[in-house]
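Down below is the structure, laid out as structure tokens.
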Amino acid sequence: MPIKKAKLKKKEIFWYALAGVIAVTGLVFVVFGIIGDHLPVLASDNWVRNSEKAWLIPWIHMGYRYFGIILVLIAAFVAMLSLTLFAREGDRDAERNLRRAQRLAIEQEPVAEAEVVAETKEEN
């Protein structure tokens, strides 16, 4: 029996892609935070720390690393939520198809199988 391939809906692909983009953005922020902490330059020449102080700290009052961790957690939550909802929807569709197949099988009348046997007359 060939295996049926499940098709993803557009909204399902959108939510998975959104979770992926948020996760990658969060990882980039975490990496920038680590680089900013360990960059071997003077504090006045550290471009990562300077950009963090220029726009991120006044906006959300935290550094790159913590903001990135929060974004990764949000992405994990969005991915988990979408996986749960779309799996439940797929299970409902599978059960609906199974009930329909059972209903159609009951409605069809069973066909009796018969064997055809050829009889020959014996001549004496």
Side-chain angles (χ1 to χ4, degrees):
M1 178 189 290
I3 298 174
K4 282 180 122 178
K5 290 186 179 181
K7 292 186 179 183
L8 297 177
K9 297 177 183 175
K10 289 181 182 179
K11 63 181 180 179
E12 188 174 0
I13 293 171
F14 169 77
W15 286 107
Y16 295 151
L18 180 67
V21 167
I22 293 172
V24 168
T25 304
L27 289 175
V28 167
F29 276 120
V30 169
V31 169
F32 274 159
I34 293 170
I35 289 172
D37 288 344
H38 301 289
L39 201 61
V41 294
L42 296 173
S44 60
D45 294 336
N46 191 339
W47 62 273
V48 177
R49 287 290 187 183
N50 291 337
S51 68
E52 187 178 69
K53 290 175 187 172
W55 76 276
L56 193 63
I57 291 178
W59 182 49
I60 56 171
H61 307 293
M62 65 179 68
Y64 281 139
R65 187 181 298 181
Y66 299 112
F67 184 61
I69 290 171
I70 290 171
L71 284 179
V72 169
L73 292 174
I74 290 171
F77 179 74
V78 168
M80 179 202 58
L81 189 64
S82 60
L83 280 170
T84 301
L85 291 176
F86 291 119
R88 187 177 307 152
E89 185 177 314
D91 288 344
R92 276 194 309 252
D93 291 343
E95 288 176 13
R96 185 180 308 126
N97 291 337
L98 179 64
R99 285 193 306 266
R100 184 172 189 272
Q102 288 173 346
R103 204 171 42 244
L104 289 175
I106 289 172
E107 289 174 1
Q108 293 177 353
E109 293 181 22
V111 177
E113 293 183 20
E115 286 187 29
V116 178
V117 178
E119 292 184 24
T120 58
K121 290 184 180 180
E122 292 183 22
E123 292 182 30
N124 288 339

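Sequence positions, counted from 1, serve as the residue numbers for this chain.
- The line from NZ of Lys9 to CD of Glu89 is 3.5 Å long, rounded to the nearest 0.5 Å.
- Closest approach of Lys53 and Pro58 over heavy atoms only: O-CD, 3.3 Å.
- If you chain together hydrophobic residues whose side chains sit under 4.5 Å apart, Ile57 and Trp47 never meet in one group.
- Taking CZ of Arg100 as the start and CZ of Arg103 as the end, the distance is 7.0 Å to the nearest 0.5 Å.
- Checked by atom type and distance alone, the side chain of Asn46 pairs as donor or acceptor with a backbone atom of Gly36 at under 3.5 Å.
- The closest donor-acceptor contact from the side chain of Asn50 to the backbone of Ser44 lies under 3.5 Å.
- Using the six-membered ring where Trp is involved, Phe86 and Tyr16 have ring planes that are perpendicular, over 60° apart on the 30 and 60° scheme.
- Atoms CZ and CG, from Phe14 and Leu18 in turn, are 5.0 Å apart once rounded to the nearest 0.5 Å.
- Scanning all heavy atoms of the two residues, the minimum distance from Trp59 to Trp55 falls at CB-O, 3.2 Å.
- Taken to the nearest 0.5 Å, the CD1 atom of Ile69 stands 10.0 Å off from the CG atom of Leu27.
- Taking each heavy atom of Gly33 and Arg65 in turn, the nearest pair found is O-NH2, 3.8 Å.
- Annotation: the span from Arg88 atom CZ to Leu83 atom CG amounts to 12.0 Å, rounded to 0.5 Å.
- Of all heavy-atom pairs between Ser51 and Tyr64, the closest is OG-OH, 2.8 Å.
- Side-chain heavy atoms closer than 4.5 Å link hydrophobic residues (I, L, V, M, F, W, Y) into clusters, and following such links, possibly through other members, connects Leu39 to Phe67.
- Cluster annotation: Val28 is connected to Ile74 through the hydrophobic network of ILVMFWY side chains, with a link wherever side-chain heavy atoms come within less than 4.5 Å.
- Residues passing the side chain to side chain contact (heavy atoms under 4.5 Å, CB included) test with Ala19 are Val78, Ala79, sequence neighbours excluded.
- In this structure, the separation between CZ on Phe29 and CG on Leu56 is 6.5 Å, given to the nearest 0.5 Å.
- Sorted by first and then second residue, the salt bridge (Lys or Arg N to Asp or Glu O under 4.0 Å) pairs with a member in residues 15-32 form an empty list; sequence neighbours excluded.
- Across Ile22 and Leu71, no two heavy atoms sit closer than the pair CG2-O, 3.3 Å.
- Residue-environment remark: CZ (Phe32) stays at or below the threshold of 12 foreign heavy atoms within 6.0 Å.
- Connection of Leu73 to Val30 is established within a shared hydrophobic cluster, with ILVMFWY side chains joined at heavy-atom distances below 4.5 Å, either directly or through further cluster members.
- Each of Val72 and Met62 belongs to its own hydrophobic cluster when Ile, Leu, Val, Met, Phe, Trp and Tyr are linked at side-chain heavy-atom distances under 4.5 angstrom.
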